[in-house]
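In what follows, a single structure is set out as structure tokens and then discussed.
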Amino acid sequence: MDWQGQKLAEQLMQILLLAFAVVAFATGYISGSFQMMVLIYAGGVVLTTLVTVPNWPFFNRHPLKWLDPSEADKHPKPQEAVSAKKKPAKK
């Protein structure tokens, strides 16, 4: 899953969970059944999980281009800056 796919999965998760919460609350309120509300929301959580957790192909539309190992050897790695030691203060 690429970066844009992660963003899409996050947005889908939020939208689907909110939609199922609203539908479940409205149905539970109208029917007066707490059990119906919980079952609808639980079904929404399961459906949202099935949509957002697997690595579906539409989450991989923008793959990252990695450097070949031979190319990586040509470019020097960043070095840590060496700091000079401070002299102890004389009293």
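Note that the numbering runs from 1 along the sequence shown for the chain.
By the 4.5 Å side-chain criterion applied to Ile, Leu, Val, Met, Phe, Trp and Tyr, M36 is assigned to a cluster that also includes V23, I40.
Connection of V51 to L8 is established within a shared hydrophobic cluster, with ILVMFWY side chains joined at heavy-atom distances below 4.5 Å, either directly or through further cluster members.
Taking CH2 of W56 as the reference point, atom CG of L50 lies at 7.5 Å (rounded to 0.5 Å). For the atom pair Q6 CD and M1 CE, the distance stands at 6.5 Å (nearest 0.5 Å). Rounded to the nearest 0.5 Å, atoms CG (L18) and OG1 (T48) are 10.5 Å apart.
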Just do the side chain to side chain donor-acceptor pair (under 3.5 Å) check on Q14 and E10 with the steps written out, would you? CA-CA 6 Å; Q14 290 177 358; E10 174 79 19; 2.9 Å; yes
Might you work through the side chain to side chain contact (heavy atoms under 4.5 Å, CB included) test for Y41 and V46, ending with a clear yes or no? CA-CA 9 Å; Y41 187 70; V46 170; over 6 Å; no
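With contacts defined as side-chain heavy-atom distances shorter than 4.5 Å, the pair M37/T27 does not qualify. The closest side-chain heavy-atom distance from L16 to L47 is not below 4.5 Å.
Enclosure of atom CZ in F34 is not indicated, since only 12 or fewer non-hydrogen atoms of other residues, nucleotides or ligands lie within 6.0 angstrom.
Although no hydrogens or angles enter the test, the distance criterion places a donor-acceptor pair under 3.5 Å between the side chain of D2 and the main chain of R61.
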